[in-house]
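First the structure, in the form of structure tokens, and then the observations on it.
What you see is a predicted model, and the numbers here were worked out from it, not measured in a lab.
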Amino acid sequence: MGHALGEGMTIRQTASPASASLVRVPSREHFRVVLIGGGTAGITVAARLRRRGVTDMAIIEPSAKHYYQPLWTLVGAGVSRAEDSVRDEADFIPRGTRWIQERAEEVDPVAREVRTSSGLRVGYDFLVVAPGIQLDWDKVRGLREALQTPCVSSNYDFHLAPKTWEMIRGFRGGTALFTHPATPVKCAGAPQKIMYLAADHWRRTGLREQVKILFGSGGKVIFGVKPFAEVLQGVVNRYGIDTRFQHSLVEVRGDRKEAVFEVPRSEGGTEQVVIGYDLLHVTPPQSAPDFIQKGPLSHSQGPNKGWVKADKYTLQHPDYPEVFALGDASDLPTSRTGAAIRGQAPVLVENLLAVMAGRKPGARYDGYASCPLTTAYGKLLLAEFDYEGKPAPFFPFINTFQERRDMWLMKKHGLPRLYWGFMLRGLA
């Protein structure tokens with residue numbers, strides 16, 4: 001007999017009572033469906049599965065809080081409150097679903113189990129991998145220290161987004177530098193959204209002529225989908241922003257207010273370029289969680305190294321048919337946005353239910369994603385596109401190649417309500 005000893009452990013007697021020794025042995029649980037991650041992707045899929053009658057489920061998610069991160073751009077721009085972007089995770093765990101409030105640390109797809117931070121082994125018949133993306137602050141030397149200074153911030157952190165607004169509001173002129181890493185990031189438009197809003201704020205307050213705005217991006221273009229890139233180039237020109245592409249931030253010298261970028265040289269190799277700043281907004285490099293990068297579910301080499309393998313149409317893992325993946329940690333060749341997950345989740349659910357019933361997956365995801373790009377206070381460009389980079393407008397009869405006030409109102413008021421009230425409930 002085992003006796004419970006803390007979370008996820010049992011005591012077993014390994015000898016006769018006279019010479020008994022106690023050995024800690026990881027305990028094990030088993031579920032029909034296990035979901036790694038209780039963020040946007042994990043909760044949305046779990047809610048949809050629950051509505052389709054799946055009850056034997058577990059979600060592995062360590063955080064007690066759930067964040068609606070798209071709002072942080074507006075927090076950094078001073079028009080929304082950070083506290084409006086957070087709710088209790090417990091409020092969104094579907095009824096009857098076991099919440100294992102721990103970190104997933106290892107996946108063994110042969111044994112069909114997930115090991116958690118306490119040593120608990122969670123067995124599964126089917127697995128949904130949606131752990132999200134991690135922020136690699138330490139891949140930029142000096143960044144953590146620089147974030148403690150008054151003039152460096154990032155909207156990619158709940159606690160720092162309000163600081164961004166204080167910096168923008170209190171700025172009186174000089175060089176304002178905004179960065180975008182060469183890695184994939186959550187919402188590829190977010191690094192430039194806050195730049196446009198800051199530029200508009202300084203224009204409105206009469207400071208625009210006293211500010212030099214630079215955009216240091218590891219990418220090669222302002223936006224990956226050409227029709228929308230042309231509109232954004234017009235926004236860049238309107239604000240007089242100096243764009244520096246193929247500039248990857250590698251170091252921040254907070255004491256000297258210097259940002260160091262690695263840039264390619266025409267004759268080959270790279271060199272470092274130093275840019276001084278008076279205000280710096282950083283988007284950190286990002287990657288799949290470490291246990292995913294090191295595990296058997298991800299690519300071990302090539303351009304998708306470290307990201308979870310998933311068929312781009314069915315979302316099924318090519319090596320382990322009982323495993324599905326979606327969201328930011330997957331290798332799906334589309335933007336990492338909530339709108340993309342909204343397109344992926346119903347496809348994954350249909351295909352998972354088909355495989356559970358012994359059928360082939362038939363639903364297909366076309367790569368739909370959207371990026372609501374705030375270009376000014378009260379204006380938004382809604383970029384919607386598919387795998388082929390073609391515009392894929394969801395809203396009929398409106399020109400989505402224009403900066404629109406109605407789309408701004410949708411982002412500020414409509415999308416948060418859709419997210420909390422419908423998407424996370426499996427209704428949208």
Side-chain angles (χ1 to χ4, degrees), residues 39-40 63-89 132-138 140 143-171 176-181 183 185-202 204-205 211 213 215-217 249 252 254 259 277-286 328 335-339 371-380 408-417 419-420:
T40 303
S63 178
K65 298 295 182 181
H66 190 108
Y67 298 93
Y68 178 62
Q69 297 180 36
L71 203 63
W72 294 350
T73 289
L74 299 184
V75 173
V79 293
S80 293
R81 304 184 309 164
E83 52 265 37
D84 291 336
S85 72
V86 59
R87 305 273 179 93
D88 289 335
E89 177 77 10
I133 200 169
Q134 66 183 9
L135 306 179
D136 295 325
W137 302 100
D138 293 323
V140 178
L143 177 55
R144 285 191 184 274
E145 294 78 10
L147 287 167
Q148 303 303 313
T149 67
C151 52
V152 182
S153 189
S154 176
N155 283 350
Y156 276 80
D157 184 276
F158 171 77
H159 300 287
L160 290 174
K163 179 186 177 183
T164 302
W165 169 236
E166 295 304 317
M167 286 167 39
I168 292 172
R169 182 173 63 174
F171 199 53
L177 176 60
F178 298 81
T179 74
H180 188 305
T183 67
V185 299
K186 292 184 283 189
C187 188
Q192 54 187 290
K193 294 179 193 179
I194 189 60
M195 176 175 65
Y196 301 142
L197 291 170
D200 192 42
H201 173 78
W202 294 324
R204 290 165 176 251
T205 55
V211 181
I213 304 176
F215 184 50
S217 171
L249 184 68
V252 180
Y277 64 82
D278 298 290
L279 178 151
L280 174 61
H281 180 274
V282 176
T283 298
Q286 297 169 34
D328 295 347
S335 290
R336 289 163 166 81
T337 67
C371 188
L373 290 142
T374 51
T375 56
Y377 286 87
K379 288 186 178 181
L380 185 143
W408 166 273
L409 295 173
M410 179 195 70
K411 176 177 176 61
K412 189 173 188 299
H413 302 291
L415 291 182
R417 292 174 183 171
Y419 184 78
W420 295 119

Check against side-chain contact (heavy atoms from CB on, under 4.5 Å), Gln286 and Gln134:
CA-CA 6 Å; Gln286 297 169 34; Gln134 66 183 9; over 6 Å; no

Less than 4.5 Å apart, any side-chain heavy atom of His281 and any of Val152?
no

With heavy-atom distances below 4.5 Å as the criterion, would you say the side chains of Ile194 and Ile168 are in contact?
yes

Separation of Leu280 CG from Thr179 OG1 (nearest 0.5 Å)
6.0 Å

I need the minimum non-hydrogen distance between Pro162 and Ala82, along with the two atoms involved.
CG-CB, 4.1 Å

Search all heavy atoms of Ala188 against all heavy atoms of His180 and return the closest pair with its distance.
O-NE2, 3.3 Å

Residue pair Trp408 / Leu74, side-chain heavy-atom distance below 4.5 Å
yes

Backbone N/O of Lys186 and side chain of Arg336: donor-acceptor pair under 3.5 Å
no

Is it true that Tyr68 and Tyr419 have ring centroids separated by less than 6.0 Å?
yes

Looking at every non-hydrogen atom in both residues, tell me the closest pair between Glu166 and Arg169 and how far apart they are.
OE1-NH2, 2.6 Å

Mind listing the closest non-hydrogen atom pair of Met167 and Cys151 along with its distance?
CE-O, 3.4 Å

To the nearest 0.5 Å, tell me how far Leu249 CG sits from Ser217 OG.
11.5 Å

Just do the side-chain contact (heavy atoms from CB on, under 4.5 Å) check on Cys371 and Cys187 with the steps written out, would you?
CA-CA 7 Å; Cys371 188; Cys187 188; 3.5 Å; yes

Do Pro284 and Asp136 touch side chain to side chain, with heavy atoms closer than 4.5 Å?
no

Rounded to the nearest 0.5 Å, how far apart are CG of Asp200 and OH of Tyr377?
7.0 Å

Between Leu373 and Gln192, is there a side-chain heavy-atom distance shorter than 4.5 Å?
yes

Within 6.0 Å of CZ in Arg417, more than 12 heavy atoms from elsewhere:
no

Does some side-chain heavy atom of Leu71 sit less than 4.5 Å from a side-chain heavy atom of Asp84?
yes

Minimum heavy-atom distance between Met410 and Pro416, given as atom pair plus value
O-CD, 4.2 Å

Output for pair (Ile213 CD1, Phe178 CZ), nearest 0.5 Å, gives 6.0 Å

Heavy-atom side-chain contact between Tyr196 and Thr374 under 4.5 Å
no

Would you call the rings of His66 and Trp420 parallel, tilted or perpendicular, taking 30° and 60° as the class edges?
perpendicular

Let me confirm one number: the OG1-CD distance from Thr337 to Gln69, rounded to the nearest 0.5 Å.
12.5 Å

Pair Lys163-Ser154, side-chain contact (heavy atoms from CB on, under 4.5 Å): steps then yes or no:
CA-CA 8 Å; Lys163 179 186 177 183; Ser154 176; over 6 Å; no

Sorted by chain and residue number, the side-chain hydrogen bond (donor to acceptor under 3.5 Å, both in side chains) partners of Asp278 (sequence neighbours excluded) come out as none

CG/Leu135 to CG/Asp157 distance, rounded to the nearest 0.5 angstrom?
7.5 Å

Below 4.5 Å, heavy atoms only, C-beta onward: do Lys65 and Asp88 meet side chain to side chain?
yes

Measure across Thr183 and Pro285 and return the closest heavy-atom pair with its distance rounded to 0.1 Å.
OG1-CA, 3.5 Å

Thr73 side chain to Asn155 side chain, donor-acceptor N/O pair below 3.5 angstrom:
no

side-chain contact (heavy atoms from CB on, under 4.5 Å), that's the test. Do Val140 and Val252 meet it? Break it down for me.
CA-CA 7 Å; Val140 178; Val252 180; 4.0 Å; yes

Which word best sums up how the rings of Tyr67 and Trp72 line up, parallel for under 30°, tilted for 30 to 60°, or perpendicular for over 60°?
perpendicular

